[in-house]
Amino acid sequence: MKLRAKWLQRLAGHAGRVGLLLLAGGAVVLLWQPTEAAWWAARLLGVAALLLISGTLFLRPAYGQRPWHRLFGWAALAALGGHVVVTTGFQPVFWRWLTPAMPLEIVAGIIALLAFLMVLLVQRSRTLRRRLGPFSSLSVHRTAGYLLIAAACTHITLVAGMAFSAAVGFLSGLAFLLVEGLLRERHVVRLAATLALFISAIAWLAIGSMAETRLAGLRQAPIDHARFLHTDHTGLACAGCHHNFVDRTGTENCLSCHKRLSVSEASRIDSMFHAFCSECHRADNRAGRKFGPIDDCNGCHGG
Ligand code: HEC
Ligand code: HEC
Ligand code: HEC
Ligand code: HEC
């Protein structure tokens with residue numbers, strides 16, 4: 001791409017490198033969090049896919065150079081494929097999420113997959129490229145690439161919600177990479193509009209009446225009663241979990257009361273209970289005590 005000025009080029013390069021470093025830092029923090037064996041593969045493959053995709057930004061193809069850009073792209077696709085197969089194949093509960101009430105991290109993950117398809121399609125399909133024209137096809141390829149990075153970072157940040165510093169690393173890394181894109185990109189408006197569309201779509205699904213409509217299905221589904229036994233949890237203070245014993249909000253079951261509360265993304269029953277149950281198990285694991293399932297869906301959802 002032709003650049004408007006030398007100093008802009010230099011600025012874009014610096015911003016991009018800082019962004020990549022921050023992403024790598026976020027990945028290190030994320031990989032530091034304890035989890036089960038099955039999730040290690042999923043995490044490593046997912047993080048590898050994101051770093052490889054971001055790496056392609058620095059290996060822009062030029063005439064007569066080695067095809068690193070393309071090699072990184074294919075390697076990222078392989079890692080992403082592995083990530084999807086490991087998460088959905090070994091954790092069948094995952095499929096229960098694929099309803100309109102799916103969590104936002106899954107929405108972001110699916111958008112990332114679609115953006116990757118777009119990147120590939122524009123690159124591979126001659127007819128499509130001819131139809132888009134030589135310059136606009138390249139710009140669509142690159143815009144989809146930045147959308148892919150933005151969606152993947154959103155996905156990981158939401159999944160890594162418990163690791164605050166990892167989330168900060170991914171979001172600030174993303175911000176620097178997008179600054180790089182906006183400084184370098186010729187079709188700035190198209191890139192900015194695509195990113196704005198992505199953010200508004202996520203916000204639209206997350207808050208207000210749309211969230212309420214989306215989550216109605218989850219609220220009305222019968223209570224699942226994930227595997228929870230008091231005999232696994234002896235010696236803990238009742239009130240540590242039964243906040244309702246203390247604030248006297250009621251004597252009913254946790255889940256039936258919380259199902260009613262699930263009207264927004266922030267109060268949805270699955271994310272609230274996943275955080276509640278897994279945080280304690282994770283802390284026990286860190287402290288070297290006996291612990292329950294952390295991220296392994298099967299550990300709590302039968303199977
Ligand atoms: C680790 C958290 C935790 C601790 C500690 C705990 N509970 Fe529970 N308790 C739960 C959960 C979660 C449920 C709901 C399980 C379900 O419905 O599948 C529950 C359900 C119950 C129920 C059944 C409510 C109903 O209507 O279904 C009673 C009664 C109860 N607990 C009493 C106690 C008492 C008494 C103690 C202290 C000795 C205690 N619990 C300690 C988490 C806990
Ligand atoms: C009668 C209703 C009711 C019952 C029963 C109940 N809760 Fe709650 N719970 C609430 C309400 C209301 C809140 C506050 C929600 C908010 O802040 O958005 C809450 C908050 C929580 C939170 C904090 C969420 C956060 O973001 O900090 C956790 C965790 C939680 N409940 C777990 C449980 C568990 C575990 C049980 C059973 C052992 C239980 N609740 C029983 C109504 C209930
Ligand atoms: C306050 C800490 C704490 C909370 C909260 C907690 N757990 Fe546990 N959980 C433990 C500990 C400690 C063990 C290990 C007990 C043992 O092995 O003796 C355990 C074990 C388990 C096991 C047994 C694993 C196995 O291999 O047998 C399951 C299942 C489980 N927890 C589910 C849950 C669910 C579901 C919730 C949320 C409703 C929850 N736990 C909340 C501390 C907690
Ligand atoms: C530490 C235990 C634990 C782990 C691990 C866990 N869950 Fe859950 N999950 C729960 C609890 C507790 C609830 C609250 C309602 C219930 O009991 O079904 C829940 C609720 C859900 C719900 C909503 C059920 C409904 O209809 O209300 C879905 C879907 C779900 N989990 C999927 C998953 C997936 C996918 C994974 C793996 C990525 C997973 N869970 C890992 C404990 C767990």
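Order of appearance sets the numbers: ligands from 1, and atoms from 1 within every ligand. Just so it is clear, the model here is predicted, and its values are computed rather than measured.
Taking the six-membered ring where tryptophan is involved, the planes of His243 and His258 are perpendicular, since the angle between them exceeds 60° and thus also 30°. Taking the six-membered ring for Trp and thresholds of 30 and 60 degrees, His274 and Trp97 have ring planes more than 60 degrees apart, a perpendicular arrangement.
Inclusion of His274 in the set of residues having an N or O under 3.5 Å from an N or O of ligand 4 is warranted. Between His243 and ligand 2, a contact under 3.5 Å exists for at least one N or O pair. Any N or O atom pair closer than 3.5 Å counts here, and Ala226 shares at least one such pair with ligand 4. At under 3.5 Å, a nitrogen or oxygen of Lys259, whether backbone or side chain, sits near a nitrogen or oxygen of ligand 4. At a 3.5 angstrom cut-off on N or O pairs, Glu252 does not count as close to ligand 1.
Short contacts between ligand 4 and Cys297, defined as distances under 4.0 Å to a heavy atom of the residue, involve ligand atoms 34 (C), 35 (C), 36 (C), 37 (C), 38 (C), 39 (C), 41 (C). Close approach of ligand 4 to Ser278 (heavy-atom distance below 4.0 Å) involves ligand atoms 1 (C). Within ligand 4, the atoms closer than 4.0 Å to a non-hydrogen atom of Cys277 are 1 (C), 12 (C), numbered from 1 in the order shown. Listed by number with element, the atoms of ligand 4 under 4.0 Å from a non-hydrogen atom of His225 are 16 (C), 17 (O), 18 (O). Taking every non-hydrogen atom of Leu255 and a distance limit under 4.0 Å, the qualifying atoms of ligand 4 come out as 14 (C), 15 (C), 17 (O). Shown in contact with Phe94 at under 4.0 Å from a heavy atom are these atoms of ligand 4, numbered in order with element: 35 (C).
Considering CG of Leu80 and CG of Leu45, their distance stands at 9.5 Å, rounded to 0.5 Å.
When you scan the N, O or S atoms of His301 for the one nearest atom 8 (Fe) of ligand 4, you land on NE2. For atom 8 (Fe) of ligand 1, the nearest N, O or S atom contributed by His230 is named NE2.
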(request) Start with the C-alpha distance between Met118 and Leu147, add both sets of side-chain angles, then the distance that settles side-chain contact (heavy atoms from CB on, under 4.5 Å), and finish with yes or no. (result) CA-CA 10 Å; Met118 192 70 197; Leu147 174 62; over 6 Å; no
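His242 lies close to atom 8 (Fe) of ligand 1, since one of its N, O or S atoms is found at a distance under 2.8 Å. Here His258 meets the criterion, with an N, O or S atom under 2.8 Å of atom 8 (Fe) of ligand 2.
Proximity of Ile294 to ligand 4 is established by a heavy-atom distance of less than 4.0 Å. Within the 4.0 Å heavy-atom cutoff, Pro293 counts among the residues contacting ligand 4.
Counting heavy atoms under 4.0 Å from ligand 4, residue Asp295 touches it through the backbone alone. Only the side chain of Trp39 comes within contact range of ligand 4, with a heavy atom under 4.0 Å; no backbone atom does. Of all the heavy atoms of Trp97, the ones lying under 4.0 Å from any atom of ligand 4 belong exclusively to the side chain.
If you look at Phe228 and His233, their ring centroids are closer than 6.0 Å.
Using a cut-off of 4.0 Å between Lys/Arg side-chain N and Asp/Glu carboxylate O, Arg190 and Glu185 are scored as not salt-bridged.
Closest heavy-atom approach to atom 34 (C) of ligand 1 among the candidates Cys257, Ser256, Cys238, Gly240: Cys238.
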